[in-house]
Amino acid sequence: MSNFFEQELRKLFGDGKIIESPQFVGRACLGTLGGDLRVRAQFITGMVANQYNALKIVVLNRTDGPVDTMVVKLKDLWGTKAVPGYPNGLSPHFWDDGGKVQWYIFRPTDADYQTLRRVAGDYLDVFRERVPERTQPTPTRSSRNSGRKAAIER
């Protein structure tokens, strides 16, 4: 049986396209980026205990530890949500109310999840191993000169 954190992380990373070979352990998603790089993603609290309002992504070297960390605040990404009874809107978050974890009033849409996936993917792409791009061979000096010579002869 999966917990709420795992369910939300599976919506983001379960297909293996952003985090390769994702494994869900407790409240975290762990996976690979290639070579010795690994990644851990988990929702974290901000100023208020038990209110999870951000996604923390840590890039790890398998032997040397943390390489880089990014925290994505859901409010920064999705904005403040208009909700009846909240004249200034509501910052997106879910909360743990005595062991029952759920989104607080606001529920993310598929578009919201896609936005968060894109941001996470763009960040992790910086650390992925790159496949060398094919480059066109640089013309040699003699081939450049032969083109000039042919133009002069015309």
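Reckoned from all heavy atoms, side chains included, excluding hydrogens, waters and symmetry mates. The structure displayed is predicted, hence computed values, not measured ones.
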Exercise. Angle class for the W103/W78 ring planes (parallel below 30°, perpendicular above 60°, tilted otherwise)?
Worked result: tilted
Problem set entry | Flag if over 12 foreign heavy atoms under 6.0 Å of NZ, K56 | no
Exercise. Y86 versus I105: any side-chain heavy-atom pair under 4.5 Å?
Worked result: yes
Seminar exercise, completed: L9 and R27 have their tightest heavy-atom pair at CD1-O, 3.4 Å
Exercise. What distance separates E6 CD from F24 CZ, expressed to the nearest 0.5 Å?
Worked result: 6.5 Å
Exercise. Are V119 and M70 side-chain neighbours, meaning at least one heavy-atom pair lies under 4.5 Å?
Worked result: yes
Exercise. Say you draw a straight line from OG1 of T32 to CD of E20; how long is it, rounded to the nearest 0.5 Å?
Worked result: 4.5 Å
Exercise. Do F5 and L30 belong to the same hydrophobic cluster, where Ile, Leu, Val, Met, Phe, Trp and Tyr are linked whenever their side-chain heavy atoms lie under 4.5 Å apart, directly or via other members?
Worked result: no
For this session: Evaluate the side-chain proximity of L12 to I18: yes if any heavy-atom separation is below 4.5 Å, no if none is.
Result: no
Exercise. Side chains of V101 and N3: does their closest heavy-atom pair fall under 4.5 Å?
Worked result: no
Problem set entry | Spatial distance of atom CD1 (I57) from atom OG1 (T69) [nearest 0.5 Å] | 10.0 Å
For this session: Can you measure from CZ (R118) to CG (L77) and round to the nearest 0.5 angstrom?
Result: 7.0 Å
Exercise. Would you say P92 and K75 make side-chain contact, with heavy atoms under 4.5 Å?
Worked result: yes
Seminar exercise, completed: Here the gap from D36 atom CG to R62 atom CZ, rounded to the nearest 0.5 Å, amounts to 4.5 Å
Exercise. Below 4.5 Å, heavy atoms only, C-beta onward: do I19 and C29 meet side chain to side chain?
Worked result: yes
Exercise. So does D122 have more than 12 non-hydrogen atoms from other groups sitting under 6.0 Å from CG?
Worked result: yes
Exercise. Between D112 and T109, is any side-chain donor less than 3.5 angstrom from a side-chain acceptor?
Worked result: yes
Problem set entry | Under 3.5 Å side-chain donor-acceptor pair for Y123 and D68 | yes
Problem set entry | Contact summary for T80 and L90, nearest pair of heavy atoms | CG2-N, 3.2 Å
Seminar exercise, completed: What one should report as the nearest heavy-atom pair of V67 and L60 is CG2-C, 4.0 Å
Problem set entry | For K73 against A54, the heavy-atom pair lying closest together | CA-CB, 4.0 Å
Exercise. Hey, mind stepping through Y113 and E8 against side chain to side chain contact (heavy atoms under 4.5 Å, CB included) and telling me if it holds?
Worked result: CA-CA 9 Å; Y113 284 112; E8 292 300 305; 2.5 Å; yes
Exercise. When hydrophobic residues are tied together by side-chain contacts of less than 4.5 Å, even through go-betweens, does V58 share a cluster with L124?
Worked result: no
For this session: Compare all side-chain heavy atoms of R128 with those of L33 and state whether any distance is below 4.5 angstrom.
Result: yes
For this session: Using ring pair (Phe, Tyr, Trp, His ring centres under 6.0 Å) as the criterion, point out the one residue from W95, F94, Y52 that pairs with Y104.
Result: W95
For this session: Using modelled atom types only, decide if a donor and an acceptor are shared between the side chain of N50 and the backbone of D97 within a distance under 3.5 Å.
Result: no
Exercise. Do V126 and L116 belong to the same hydrophobic cluster, where Ile, Leu, Val, Met, Phe, Trp and Tyr are linked whenever their side-chain heavy atoms lie under 4.5 Å apart, directly or via other members?
Worked result: yes
For this session: Kindly give the heavy-atom pair with the smallest separation between A41 and L55, and that separation in Å.
Result: CB-CD1, 4.4 Å
Exercise. Above 12 or not: heavy atoms from other molecules or residues under 6.0 Å from CD of Q23?
Worked result: no
Problem set entry | Heavy-atom closest pair, residues F4 and Q102 | CE1-CA, 3.9 Å
